[in-house]
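As the structure is a computational prediction, the values presented were derived from the model and not from experiment. Any value given below was found using the heavy atoms of this structure, including those in side chains, with hydrogens, waters and symmetry copies removed.
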Amino acid sequence: MGTASSLVSPGEVIEDAYGGEGGEACEIPVEVKPKARLLRSSFRRGPRVIGASFKSTGSVDLEYTAEYERLRKEYEIFRVSKNNEITSMQKKEAKLDEENKRLRAELQALQKTYQKILREKESALEAKYQAMERAATFEHDRDKVKRQFKIFRETKEKEIQDLLRAKRDLEAKLQQLQAQGIMVYDPDDSDDDDNHTTVTAAGTPCDYWGGGVLGSEPSMGSMMQLQQTFRGPEFAHSLCDVEGPFANVSRDDWDAAVASLLQVSPHVSQALWSNTVRCYLISTQETQAELDIFTQSYSPRLRSLCEGLGHFYLNVCFPEESAASYALERRQEMERSSVCVLLLKSSVTSCVLEDAEEAFVKNPDGHPLVLYLRTVEAHPLSGPTRQLLERVNAADKAAKVKVANVYLLSLSLPLCQELLGLEGSDVDGKDSGIDEGREEDSGDVLWDLHDEQEQIEAYQQACSAAAQLGFQKYIDRLNDMVAAPPPTPPLLVSGGPGSGKSLLLSKWIELQQKHSPNTLFLYHFVGRPLSTSSEPVLIIKRLTVKLLQHFWSISGLSMDPSKILEEFPRWLERLSSRHQGNIIIIIDSIDQIQQAERHMKWLIDPLPVNVRVVVSVNVETCPQAWRLWPTLHLDPLNPREVKSVINTECLAADVKLTKDQDKKLERHCRSASTCNALYVTLLAKMITKCAWSLEKTLEQCLLCQDTMSLYSLGLKVALDSLSTDGERHMLCLVCASHNGVSESEVLAVFPDLGLPVLSSLLYTLQRLCIVGLGCGLIRFQHLQAAEAVRLEFMDGGTCSPAYREKLIHYFTSCYDRVTWRVADELPWLLQQQEDRAKLQLSLLNLFVSQNLYKRGHFSELLAYWQYVGKDKSSMATEYFDSLKHYEKSCESEDSMIRLGNLYETLGRFLKDLGLLSQAVAPLQRSLEIRETALDPDHPSVALSLHQLAGVYVQWRKYGNAEQFYKQALEISENAYGSDHACVARELDSLAMLYQKQNKYEQAEKLRKRSVRIRQKTARQKGHMYGFTLLRRRALQLEELTLGKDTADCAKTFNELGVLYYLQNNLEAAKVFLTRSLEMRQRVLGPDHPDCAQSLNNLAALHTERREYETAEDMYERALDIRKRALSPDHPSLAYTLKHLAMLYKRRGKLEKAVPLYELALDIREKSFGPKHPSVATALVNLAVLYCHLKKHSEALPLYEQALRVYEDSLGRSHPRVGETLKNLAVLSYEEGDFEKAAELYKRAMEIKEAEPSLVCGKAPSRHSSSGDTFSLRGPAPLPHAPR
């Protein structure tokens, strides 16, 4: 029998089939029967055999027992095996649990490590960003310190040079005294107090006191008096604003006069600001042939002349068959027209009669008028025509109507003279001559008058629109925030789109200009994004030029965009240190500027103590860094303000709302979007101006819940009555343009539109605040209006490329005569179309680039070339090749002159880019062309020499530069005379060159001569762009005076007289001032204070002409009126007293002058208080008069009191303190107190030497402390005047 041991050997390991560990086999000695036998015995079938033996039965049972035991043993083996397996699996489970716990612990540890590393990474990144911010701040601070150190070093170097120069002068004077035998004693070597000054042998003061050191004070007879020189006539608002900024305008201080004039001049109607010359033509069917000849033959000539001067030209004519349906538009066009022309033969129609009556009979002084009358014997004049001519003759009392009988000549020349202000010789002038003249007016500064006019128009339109909105609470808060003690960060005016930010700032500027005449305001209104007004470099350049307008020269201004942005804080700091009063910079919608934070980094710098900056932003687009500044937030209008705006508009339009309608509007205007200032204004316009019925309009308006939907409704109203799509095309054209489109451009692009339809459409759109005219261009009045057009008519802007293509086609067709409009629009349109090839071709049209550069759009030109993918060198090469190609086609003299101008422009452009080696070749070529085509002594040759010299100066080749400058100076003197502005320019350049070479004595002589020339030319003509603006303002005021006798008209006559006085045109000034006096006497009465003002100004004019008797009589009449009409302490009374006293003094009537000076002093003390600088000025004047009368004991306390007032109010280092000390020194000297005189004079000289110097020379101050004197020394800032 086998055993169980035969299955598993002892010691053999039994493997676990489930992967567990095996156990050891146990030896069990149990006998097991064979399996087959067991089966046979166990399952045998059949009946039991009877009679079997016991032995056989027992053996069977034994077999069963053995089988049982075997099975039991097998079971035990199986049970033990399974128990072993279970034990093994439990051990494995326990081991796996431990392993799981260990892995979980490791995972948690790894997670904690990951979180720690992540936090460390974030901390490292934050530290990195902080380090980068600190590095940027450090770089900014370092640049600022370097700039301040450079300014400090330049100032100290100038002071050292001045001290050395003064030392040399004193040594030379000492040698002269010793050569004359005059002994000079050293005070330290003597105990005698009488030897503390130098006297001559005769005992009289030596030349040290009588010569150039004291300037105008050799003795009391010529002692300086602060108001001794005449300061000019008064402006109309002087009665309200003490004496105002114009009370004493000196033509010696031309810049200050122009700056003040541009700030406070009265608002001019929008029609007068239009940049479009409009010729209104009235004709009949009989004169259709003459009308066709004029429009086809002479209009292009007039258009060419107008475009050459930067204007648009438009013929306005309503066809006779449709004129009756445009009655309102005809009347409006006549009001806006520059000249009216009436073409007559024998008969007239009703529409012609209406227009002729309106223009020639009812308002003959409203416009220049031209009448063309052609009579034919076969067709005598009809009755209505004859009656019309009789009425025209009767109305033309001033003989202003020009009658043209010979059509071809006598009609075109009057138009040229009336529209353009040209003389007959100028009409035939060359284009280049006009351009040169215009450039000469602006000097070396590349200045765009269109940009300046755009800003003035934006300001005036906002002022007029803000009249009906209640901003007083915001204005008071603005005043408080601006008056806060320095240093102050910029002030943020925030609000949603259309909340009235621009209107608030305009109104605030207007009020501040009236109440703070010594404050200089620099403002800029940003228009549409991507427009010229949103270009950051042009904005900063304009503000810089406005600042430098207060200097005698601004030739140091760089054209490099990066330098313009970098140097603006330096110019601001320098001017603010010399400006008397505050400087306030206002930038509206600053967040619309491209990359505002990067280009306006100067805003985060500490501002000078007398500089304030106010900016406005939309709440949604305000940069995060600016939100920390002091903020004035504009809330939506309250119900009372909403009702006031709507009622004001309804009252003006004679529209009455029912109580139910009022309640509907009140319920509607309660949400933030419907209480918006723009929404309410537009809603009021819709109610009063809409062509629909009031009920329908109100119903539709109440469905509009925001400004955009209301604008969409306005567009629907405006275009509802029009049958064609041309009107929509016009709006889309405006939306697709860069800066807007002119009326003539719209008619050229869409000739089927017709002027009558365009005029009607513009009239409707202007009334609904959708579009407006600015600088002669049609523009959207608000960004949301443009957005509404883009969404309604242009499929969200997808149609823009098609309209840009139309404009590109139009401007490309104007290549034969490139105007400022072509240069402004064409490159920008091509850039928007992403057509780099055509853009490069347009830039290589040399006249386009020349126009952009000469108007100061330097950065814009560079941006175009950068977009094309050209660097500076390759750009210069392209220009050279283009110029060479153009030169081949130049044959005539005029074309060669233009070629020389192009070469010079290219040379200047490359010089400004820093490409000096490449700039020399075009400048030399320009010089060669001008010497050949013109003359070697022509003034244009001097321009080329001047530019070449500038290149050599930058190369530090001073010898060559000096030679060129001297040649240019000689040519300019021969061409213009020794006192011309061009001569002063060359003298300044030579002086700067000598200063670079440390030749200070030669430089000082040239600089002094240049200053004398500039002062003289300023009196004769004005300088920089100021005279151009002044002349334009005078012409606008002349148009305002055309009308009936009114107080406003008389006021305008007075201001016009002052303007002509500033231009040194005394005859014209006398005419207008006399007309002002006569009109005021008729309208207001002879005893009105305004009549005293006119008398005062006329007296000032007669004093200027040395007609002293007439002047004295007028001053006395003015004084008598003001004594009776004004209070005894009124400042205007003191003003007249002062000037009458000055006149008495000038005529030697000193005794009559004394009581007037005393009374003027008493009035000033009562008006301003005893500690005001104006009182000190009156004290000095009275003291000077006492000194003339030899009453030194009475003059001394007045001088001392004035000195204390000046020191307390202006500071101990103010120039006024120095001037008073000099007067006291002279008085002490004449009293014999030589030691005190020397001490006072030494202190006065220390104050004078401590005055800061400027790169561009000394800047004249705008006004004195009292607003009635000028000084060529720049006083320190004044404390805030009380409001």
Side-chain angles (χ1 to χ4, degrees), residues 454-455 458-459 461-463 465-466 469 471 473-475 477-482 484 488-509 512 521-540 542-543 565 568-569 572 584-607 611-637 672-673 675-679 681 706-708 780-787:
E454 177 184 355
Q455 290 301 313
Y459 164 66
Q461 290 174 5
C463 282
L469 295 175
F471 285 138
K473 58 181 180 181
Y474 299 120
I475 290 174
R477 291 177 61 186
L478 271 175
N479 292 336
D480 295 338
M481 298 175 82
V482 169
T488 57
L491 172 61
L492 204 65
V493 178
S494 69
S499 58
K501 301 181 292 295
S502 304
L503 309 184
L504 170 63
L505 292 177
S506 301
K507 196 66 179 177
W508 180 69
I509 294 171
Q512 283 288 315
F521 288 89
L522 305 175
Y523 57 80
H524 188 90
F525 293 87
V526 180
R528 286 170 51 191
L530 301 180
S531 65
T532 302
S533 62
S534 65
E535 175 64 35
V537 177
L538 289 179
I539 294 174
I540 297 300
R542 175 180 174 271
L543 295 177
L565 297 173
F568 177 70
L572 182 61
I584 299 181
I585 300 174
I586 300 101
I587 304 178
D588 177 51
S589 301
I590 193 172
D591 52 330
Q592 299 292 337
I593 297 175
Q594 304 161 23
Q595 299 179 342
E597 282 189 275
R598 184 167 70 89
H599 291 111
M600 299 292 167
K601 290 191 296 185
W602 59 274
L603 288 173
I604 62 177
D605 290 342
L607 298 171
V611 174
R612 302 288 186 274
V613 176
V614 182
V615 298
S616 71
V617 295
N618 283 333
V619 177
E620 298 84 358
T621 56
C622 177
Q624 190 64 35
W626 295 358
R627 296 179 185 268
L628 301 177
W629 296 343
T631 303
L632 174 63
H633 184 75
L634 269 63
D635 299 320
L637 301 181
S673 60
C675 290
N676 181 283
L678 178 61
Y679 180 92
T681 303
D706 56 20
T707 309
M708 286 291 296
F780 292 106
Q781 292 193 23
H782 199 272
L783 294 177
Q784 295 187 18
E787 185 65 16

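Of the inter-residue distances, the one linking K501 atom NZ with H633 atom NE2 reads 9.0 Å to the nearest 0.5 angstrom. Taking CG of L505 as the reference point, atom CD1 of I586 lies at 7.0 Å (rounded to 0.5 Å). S534 OG to Q592 CD: the interatomic distance, rounded to the nearest 0.5 Å, is 8.0 Å. Note: R598 CZ to L565 CG = 8.5 Å, rounded to the nearest 0.5 Å. Taken to the nearest 0.5 Å, the CG atom of L637 stands 12.5 Å off from the OH atom of Y679. Note that CG of D591 is 3.5 Å distant from OG1 of T621, once rounded to the nearest 0.5 Å.
The shortest non-hydrogen separation linking F780 to A786 is CD1-CB, 3.5 Å. F525 approaches S502 most closely through the heavy-atom pair CE2-O, 4.1 Å. Between Q455 and S533, the shortest heavy-atom contact is NE2-CB, 4.2 Å. Between P630 and P490, the shortest heavy-atom distance links the atoms CD-O, 3.6 Å. In this structure, S506 and Y459 approach most closely via the heavy-atom pair O-CE1, 3.6 Å. Shortest non-hydrogen contact noted between L491 and T631 is CD1-N, 4.4 Å.
Counting heavy atoms from C-beta on, the side chains of L543 and F568 come closer than 4.5 Å. Looking at heavy atoms from C-beta onward, V617 lies in side-chain contact with I590 at the 4.5 angstrom threshold. Taking the side chain as every heavy atom from C-beta outward, Q784 and D706 never approach each other to under 4.5 Å. Counting heavy atoms from C-beta outward, I539 and V526 have side chains that approach closer than 4.5 Å. You'll find the side chain of V615 reaches within 4.5 Å of the side chain of L492, heavy atoms only. Using a 4.5 Å heavy-atom cutoff, the side chains of L522 and R542 are not in contact. For the pair R612 and T488, the minimum side-chain heavy-atom distance is below 4.5 Å. Side chains of E597 and W626 form a contact here, defined as non-hydrogen atoms less than 4.5 Å apart.
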* Do W629 and V613 pass the side chain to side chain contact (heavy atoms under 4.5 Å, CB included) test, and can you show the C-alpha distance, the side-chain angles, and the key distance before you say yes or no? -> CA-CA 11 Å; W629 296 343; V613 176; over 6 Å; no
* Is there a side chain to side chain contact (heavy atoms under 4.5 Å, CB included) between W602 and I540 once you walk through the steps? -> CA-CA 11 Å; W602 59 274; I540 297 300; 3.6 Å; yes
* To do: Apply side chain to side chain contact (heavy atoms under 4.5 Å, CB included) to the pair V614 and L632, showing each step before the final yes or no.
  => CA-CA 10 Å; V614 182; L632 174 63; over 6 Å; no
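N676 places a side-chain N or O within 3.5 Å of a backbone atom of L678 that can act as its donor or acceptor partner.
Scanning for salt bridge (Lys or Arg N to Asp or Glu O under 4.0 Å) contacts around E535 gives an empty result, with sequence neighbours left out. Take I475 and apply the side chain to side chain contact (heavy atoms under 4.5 Å, CB included) test, not counting sequence neighbours, and it matches F471, Q472, N479, L504, K507, W508, L511.
Of the residues S589, P497, P529, the one that meets the side-chain contact (heavy atoms from CB on, under 4.5 Å) test with L783 is P529.
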